[in-house]
Novice: 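The structure that follows is given in the form of structure tokens.
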Amino acid sequence: MLILGIETAGTQVGVAIAGQEGVLASAHSGRDRRHAESLTPMIEFVASQARIELKDVSAVAVDIGPGLFTGLRVGLASAMAIAHALGVQMIGVSSLDLLAFSSRHSSRRIVTCMDARRNEVFTADYRAVPGGVQRITEPMVASPAELRGELVALKDDVLLVGDGALRYADEFGSIEHVELAGPDVAHPSARSLVDIAHHKAVREEFVPANELEPMYLRLPDAEINWKTRNDG
Amino acid sequence: MGLILAIETSCDETAASVVESGTNVLSSVVSSQIDIHARYGGVVPEVASRAHVEMLTPVIAQAMVEAGIEPDELTAVAATVGPGLIGSLLIGVSAAKSLALVWDKPFVPVNHLEGHLYAASLEEPDMPMPVVTLLVSGGHTMLVLQEGHGQYRLLGETLDDAAGEAFDKVARYLGLGYPGGPIIDRMAADGDPMAISFPRAMMNDGYDFSFSGLKTSVVNHVRKNPDAADVDVAASFQEAVVDVLVTKARRAVHEYGAEALCIGGGVAANSGLRERVLDVCVEDGLRALIPSRSMCTDNAAMIAAAGWWRWQSDGGASLDHGADSSLRLQTI
Ligand SMILES: [Zn+2]
């Protein structure tokens, strides 16, 4: 089983291809490259590095967010088009799951903290379980100050993971039982994506391309304004 | 012979189409978001992007099924790369490049404006050149002289509001709803176009357009005459817009020795404009190229038509192609 993984929810662009024996090839762009320009050539490159033909891919995995909207949708649109073109199923994985997964060997409570811009972060809590991580709170969007409040109130030792943790290090670094994970695990990784996707494929957790649900966590501003006007 | 699959996501329509040799439409699927945006009184970019992601794959699938072709029969995959809403454009471009990669076909980037210029050729395959096209939509108002495939001269464009924008703004002011174009068109049918004499800006002066003054006059007139019938205001406003558009287009046709007058863009679906263009062409012995209404508003068949000529002249583009929200028409 060959799985193509596409990750564009964060500031990087990542592509990986995994087979039965694990990751065959992967690439991650530097930060803040234009996602739409980089992604298709990167898929072509990773396929050639993995020495596979794209037509042999049997499932397409994609980061469904939360993340930065435009980049996220570049990945979703590409992944859905590829799955459709190949006539294969998809596997959706949350960016927060990916962040937590790369710290799965920690014995602490893993709190993900992804920069959502506008002085907010996307966050959810996880704990390590054999073979991966398990999410224990609902993904949500919060201000760094709100998340700090939550973290201070926690009894557990915490590993705080993600580019939001680094961006707002001043806010979180001073909490005694909170350790900040380093920049090497601060971005969702396409390697983690195909790794998780492989486990999901074994459990047959597939979705058809037209049923994949992006996880935005935020309503469009216009919708928020419209609701406020009509509820008030 | 060539088969182009084209994808169009520049604004609020998610569209895909398969066209043979630039003229024979095998399928044209358009999923409109008008109902989604109506409550906001205009297109909301973030809302549009979300809908594009949701609709695009089913729309592409339907276009391929209706065309009754297999991917390996395609010559190329084309997509609108601009101008338009950047977040929306990138969705179509990303999907098109992905399909091109997996199916091993060339990717052809298409200018949305060029698509509108080719809409008429889908129904009039032997489009005479040179031709003057009046391209009028919610985002654009331009007069283009086309001398050959891909050879354009921009004779004039709007200096402020686009024609379609003027319709939307007037409709909003009169409290008629969104989108303004079709609503005013319907009301104008019951009103007197001569009831109010609204100004025709720069009517005999060059080929550029200006509609912001007209919009202000409508507002002022309604303020001063609160009892004016909406249908008369709508009809007189539409008459003023059509008058300016067609007078200039007609002058351009004669100045540049064109044999045909062509219209395109969402405002080209307006009944008043269509009738006037037809009348002028009959009077002056010109060919009138008036696409059916569904080819005037945004669709992917026109992108496939323009893409076919683009592919023949420029071939495919690199897969690192992006989108450009303010892409201009390439002129000579
Ligand atoms: Zn248009």
Side-chain angles (χ1 to χ4, degrees), chain A residues 4 6 8 13 33-47 53-57 60 62 64-65 68-88 90 208-214 216 218-227 229-230, chain B residues 5 7 9 14 16 36-64 71-72 74 77 79 81 85-105 107 317-324:
Chain A
L4 167 67
I6 292 174
T8 60
V13 176
R33 287 286 306 282
R34 287 165 179 265
H35 290 33
E37 276 93 328
S38 327
L39 180 58
T40 329
M42 196 186 282
I43 295 169
E44 192 174 25
F45 171 75
V46 171
E53 300 272 354
L54 282 172
K55 66 172 170 51
D56 297 326
V57 163
V60 179
V62 66
I64 54 166
L68 304 175
F69 293 163
T70 299
L72 171 63
R73 281 189 288 256
V74 162
L76 289 169
S78 301
M80 289 159 107
I82 292 172
H84 166 69
L86 296 173
V88 300
M90 302 192 71
N210 55 2
E211 284 171 28
L212 196 75
E213 290 264 0
Y216 290 115
R218 260 187 194 146
L219 289 174
D221 290 345
E223 198 167 326
I224 297 171
N225 297 339
W226 189 83
K227 283 207 161 110
R229 220 173 38 231
N230 287 275
Chain B
L5 166 67
I7 294 170
T9 59
T14 313
I36 307 176
H37 297 284
R39 71 180 188 188
Y40 308 116
V43 177
V44 180
E46 176 60 23
V47 174
S49 294
R50 291 187 183 196
H52 283 306
V53 166
E54 204 176 302
M55 292 315 300
L56 187 52
T57 319
V59 164
I60 293 170
Q62 195 185 337
M64 292 295 286
D72 57 357
L74 287 172
V77 181
V81 296
L85 302 170
I86 188 68
S88 292
L89 287 165
L90 288 172
I91 292 163
V93 171
S94 298
K97 290 197 298 179
S98 299
L99 294 176
L101 174 64
V102 173
W103 288 336
D104 197 19
K105 303 290 177 188
F107 166 70
S318 156
L319 289 179
D320 66 2
H321 207 288
D324 180 354

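Atom set for the values below is all heavy atoms of this structure, side chains included, hydrogens, waters and symmetry mates excluded. So you know, we letter chains A, B, ... as the sequences are listed, proteins then strands, and number each from 1.
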Novice: With chain B, which of S78(A), A79(A), A77(A), G75(A) has the greatest number of heavy-atom pairs at distances under 4.5 Å?
Specialist: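 Result: the option with the highest number of such pairs is S78(A).
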
Novice: Among all residues two or more places apart in sequence or in another chain, which pass the side-chain contact (heavy atoms from CB on, under 4.5 Å) test with P220(A)?
Specialist: E223(A), E46(B), V47(B), R50(B)

Novice: Under a 4.5 Å cutoff for heavy-atom pairs, which residue among V102(B), I91(B), L101(B) has the most contacts with chain A?
Specialist: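 Between V102(B), I91(B), L101(B), the count favours L101(B).
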
Novice: In Å, rounded to the nearest 0.5 Å, how long is the span from CG of N210(A) to CG of L56(B)?
Specialist: 12.0 Å

Novice: Closest heavy-atom contact between K97(B) and T40(A)?
Specialist: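 What the structure gives for the nearest pair is CE-OG1, 3.3 Å.
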
Novice: Verify side chain to side chain contact (heavy atoms under 4.5 Å, CB included) between I86(B) and T70(A), making sure each step is shown before the conclusion.
Specialist: CA-CA 9 Å; I86(B) 188 68; T70(A) 299; over 6 Å; no

Novice: Using heavy-atom distances under 4.5 Å, tell me whether P58(B) contacts chain A through its side chain, its backbone, both, or neither.
Specialist: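 The answer is the side chain of P58(B).
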
Novice: Distance from E54(B) atom CD to E213(A) atom CD, nearest 0.5 Å?
Specialist: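 It is 7.5 Å, given to the nearest 0.5 Å.
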
Novice: Tell me, for L39(A) versus chain B, whether the close heavy atoms (under 4.5 Å) come from the side chain, the backbone, both or neither.
Specialist: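 Contact with chain B: none, neither part.
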
Novice: Roughly how far, to the nearest 0.5 Å, is OG of S98(B) from CD1 of I6(A)?
Specialist: 6.5 Å

Novice: Rounded to the nearest 0.5 Å, what separates atom NE2 in H84(A) from atom OG1 in T57(B)?
Specialist: 7.5 Å

Novice: How long is the straight-line distance from OG of S94(B) back to NE2 of H35(A), given to the nearest 0.5 Å?
Specialist: 10.5 Å

Novice: Given a strict heavy-atom distance threshold of 4.5 Å, which part of V44(B) is in contact with chain A: side chain, backbone, both, or neither?
Specialist: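 Contact with chain A is through the side chain of V44(B) alone.
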
Novice: Distance from I82(A) atom CD1 to W103(B) atom CH2, nearest 0.5 Å?
Specialist: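 One finds 11.5 Å between CD1 of I82(A) and CH2 of W103(B).
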
Novice: Any heavy-atom pair between the side chains of E44(A) and L319(B) that's under 4.5 Å?
Specialist: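 SC-SC contact between L319(B) and E44(A) confirmed.
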
Novice: Please check if atom CG in D104(B) has more than 12 non-hydrogen atoms from other residues, nucleotides or ligands closer than 6.0 Å.
Specialist: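 Open.
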
